[in-house]
Protein chains: 2
Amino acid sequence: MSMTNNDELYKVFYWAAKMGSLTQAAKALYLTQPSVSHAIKQLEERVGVTLFYRNAKGVALTQEGKILFSYIEQSQILINLAEEKMVALKNLDSGELRIGGSDSLFKHYLLPFLEDFHIQYPGIKLHLKHGTTPEVISYLKDGRIDLGVVRMPIVDSLLEVTENIQLQDCFVAGERYAELKGQVLSMEQLMEYPVILFSRNSRVRMAITELFEKYGHELKPDIEVGSVDLLIEFARRGLGISFVTREFVSKELKEGSLFEIELDVEVPPSNVGMMIMRNMPISTAATKFMEMVR
Amino acid sequence: MSMTNNDELYKVFYWAAKMGSLTQAAKALYLTQPSVSHAIKQLEERVGVTLFYRNAKGVALTQEGKILFSYIEQSQILINLAEEKMVALKNLDSGELRIGGSDSLFKHYLLPFLEDFHIQYPGIKLHLKHGTTPEVISYLKDGRIDLGVVRMPIVDSLLEVTENIQLQDCFVAGERYAELKGQVLSMEQLMEYPVILFSRNSRVRMAITELFEKYGHELKPDIEVGSVDLLIEFARRGLGISFVTREFVSKELKEGSLFEIELDVEVPPSNVGMMIMRNMPISTAATKFMEMVR
DNA sequence: TATTGGTCATAGACACGGTCTATAGCTCCT
DNA sequence: AGGAGCTATAGACCGTGTCTATGACCAATA
């Protein structure tokens, strides 16, 4: 026995009470005065209580009307706030963008985009969630991030992946091993030098390990470090040969503090891509960000 | 550019979010599932934001949907409270009844009705506002009371008056003046005794003063008191002859502590009536109370 | 006291849109 | 593979909210 529909009437009631006039309420609501009059009458019938005193200069709330108004006023204010908030979300004046990925990708790949995005939409809070590729995928599936940025390839039917950029990993060394400049090394030759690898089970490390295995070699690092920054720093200081992403050391390569060591086999490039949940709506902020990156 | 109407959709949104299922929401709202589906879609178009993730086991709020829900939930809860409150007001489980009048009328005339009313509708708060007749009328016009109980006649085009009971005022004395029992006094004879009158500009006092004036006498009290109780008490203790409403001293007359002094002119009866504002809606509580009194 | 300009109420017609039924598409589970 | 959920879509219909036109009323003017 719902007899619902009252909600619309409450809005009319709210404005009528607020303006103290059905005519004025009609203007505020872009309706005609008879419509408002009719709506109020209907509401009064439904609640079974007279809500307004009518007189020649407008309307005034009855005792019971005042009680109703005290509730409805709050309710309508909340709705107005909600609508403002929604507009802000749509216009990207407010909201948040949650991205998952590795710190190195954030720092060396996403940073300029994040900066641009933040300048353009300062109201959007950025949440960067650090994690390995499988962690990022699970964050995505749990709805804890809006999009993930990881190394390809990813095969997951639930995910929608767009490959954005191709990165080339390579071995680099510092001045200490200047003798290797210009040479093309074989795997065996390279393994005679101390090798520095990323310590975590990252995509990059797995890829290079597999590449060596394919040729019958077991690549064991002499040093393992926990961040790309240390990988670079150790190589510069001559502690060994680091396996890094070329694009992440472009500055060092240019200034000469590091140089690339060429190998006689080709290291396959790795792709970095963004992934979102397939068949799930994507937030306006995430859409905008992906457009910027593309 | 209002594009209004959203209010109804918010209710659907609220239930859909609350139930986590459009089908369940439809049941709760006594609608069909397609209607709810359509409503949600429409709301999403209007706010320009996707609000739900749809999947095989129902729906779940998106990040933005959650934000909207946090507002709308409060709003809907307030509306529900408002509707409950209105039902309570209509059923007289709640609310208030504000009556204006003189203390003596409250005590001697209205008290039994007030008791009955309070027993029958314990949820209604009773506000008794004390004042002279003109004060009560202004309270009524200011909307500070729902109804007034005063002595008649009242002539005011803005008021609607119903006369409920007829009271007879009379002179009474105590044992000290036992010699007057059974006698019929003239005005002159009566004025030889000390007369006790109500001190305020009450209807009763004005009426008796005018009656004496009509016969060429000026009735000046030897004692003036401020309440009907004192009027009675002074007479009982033999301080003089009091002019009181007979119905208010019925107990004393019966037990013999007071007796009535008959006058050779008839004191016109006075009517007590209830008045409300003409052409103004009257609260359910006030209507009910007037019915009880009538 | 008649006039004017404001208020709200009523009547009746119209059209928009909310709701329905029927059906399809999808996912999960057995 | 089939069934049992769920939501989405299509199209028709009827209800109702809105409109215009008008009336009734009041208050403040002249």
Side-chain angles (χ1 to χ4, degrees), chain A residues 1-46 50-62 65 141 156-160 277-281, chain B residues 2-13 15-46 50-62 65 141 156-160 277-281:
Chain A
M1 273 340 80
S2 65
M3 190 74 37
T4 158
N5 284 64
N6 289 25
D7 287 39
E8 206 60 31
L9 300 180
Y10 289 137
K11 177 188 263 177
V12 179
F13 168 73
Y14 170 66
W15 284 97
K18 192 174 167 178
M19 304 269 102
S21 153
L22 303 196
T23 306
Q24 294 306 312
K27 284 179 187 165
L29 292 162
Y30 301 94
L31 293 176
T32 59
Q33 172 270 318
S35 297
V36 173
S37 176
H38 184 235
I40 295 298
K41 187 177 183 184
Q42 200 158 318
L43 182 59
E44 285 181 327
E45 280 172 10
R46 298 212 182 150
T50 308
L51 298 170
F52 287 105
Y53 299 120
R54 280 81 161 165
N55 58 49
K57 41 181 64 170
V59 293
L61 287 167
T62 63
K141 290 183 178 172
D156 192 317
S157 63
L158 290 177
L159 301 182
E160 187 171 316
M277 290 294 284
R278 188 186 297 282
N279 298 330
M280 285 252 177
Chain B
S2 66
M3 188 78 33
T4 158
N5 287 63
N6 289 26
D7 287 40
E8 205 60 31
L9 299 180
Y10 289 137
K11 178 188 261 177
V12 179
F13 168 73
W15 283 97
K18 192 175 167 177
M19 304 269 100
S21 152
L22 303 196
T23 306
Q24 293 308 311
K27 283 179 187 165
L29 291 162
Y30 300 95
L31 293 176
T32 60
Q33 172 269 318
S35 297
V36 173
S37 176
H38 184 236
I40 296 298
K41 187 177 184 186
Q42 200 158 318
L43 182 59
E44 287 181 326
E45 280 171 11
R46 297 212 182 149
T50 309
L51 299 169
F52 287 104
Y53 299 120
R54 278 81 162 167
N55 58 50
K57 41 181 64 171
V59 294
L61 287 168
T62 62
K141 290 182 178 173
D156 192 317
S157 62
L158 291 176
L159 301 180
E160 187 170 314
M277 289 294 286
R278 187 185 298 280
N279 298 331
M280 284 252 177

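We use all heavy atoms of the structure for the numbers below, so side chains are in, but hydrogens, waters and symmetry mates are not. Protein chains get the first letters and strands the later ones, always in sequence-line order, with residue 1 at the start of each.
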Under 4.0 Å: is that the gap between some side-chain N or O of B:Thr32 and OP1 or OP2 of C:dT19?
-> no
Tell me whether the OP1 or OP2 atom of D:dG17 has a side-chain N or O from A:Ser35 closer than 4.0 Å.
-> no
What is the separation between atom [atom1] on [X] and atom [atom2] on [N], rounded to the nearest whole Å?
X        : N      : atom1 : atom2 : result
B:Asp7   : C:dG18 : CG    : P     : 13 Å
B:Met277 : D:dC26 : CE    : C1'   : 14 Å
A:Met19  : C:dT7  : CE    : P     : 13 Å
A:Tyr30  : C:dC16 : OH    : C1'   : 21 Å
B:Leu29  : C:dC20 : CG    : C1'   : 15 Å
B:Tyr53  : C:dT27 : OH    : P     : 17 Å

Please lay out, stage by stage, how A:Trp15 and A:Lys18 fare under the test side chain to side chain contact (heavy atoms under 4.5 Å, CB included).
-> CA-CA 5 Å; A:Trp15 284 97; A:Lys18 192 174 167 178; 4.1 Å; yes
Any side-chain heavy atom of [X] sitting closer than 4.5 Å to one from [Y]?
X       : Y       : value
B:Leu43 : B:Val12 : no
B:Leu51 : B:Phe13 : yes
B:Met19 : B:Val36 : no

Rounded to the nearest 0.5 Å, what's the gap from CD on B:Glu8 to CD on B:Gln42? Could you check?
-> 11.5 Å
d(B:Glu44 CD, B:Thr62 OG1) to nearest 0.5 Å is 7.5 Å
Where A:Ser37 and A:Leu22 come nearest, the two heavy atoms and their spacing | CA-CD1, 3.8 Å
Determine the minimum heavy-atom distance between A:Arg46 and A:Leu9, stating which atoms define it.
-> NH1-CD1, 3.7 Å
Just do the side chain to side chain contact (heavy atoms under 4.5 Å, CB included) check on B:Phe52 and B:Ile40 with the steps written out, would you?
-> CA-CA 9 Å; B:Phe52 287 104; B:Ile40 296 298; 3.5 Å; yes
Difference in axis direction between the ends of the helix from C:dT1-D:dA30 to C:dT30-D:dA1, five pairs, 10° | 30°
Along nucleotides 6-12 of chain D, 5' to 3', which nucleotides get a B, which get an S, and which get a -, given that the test is a protein heavy-atom distance under 4.0 Å?
-> SBBB---
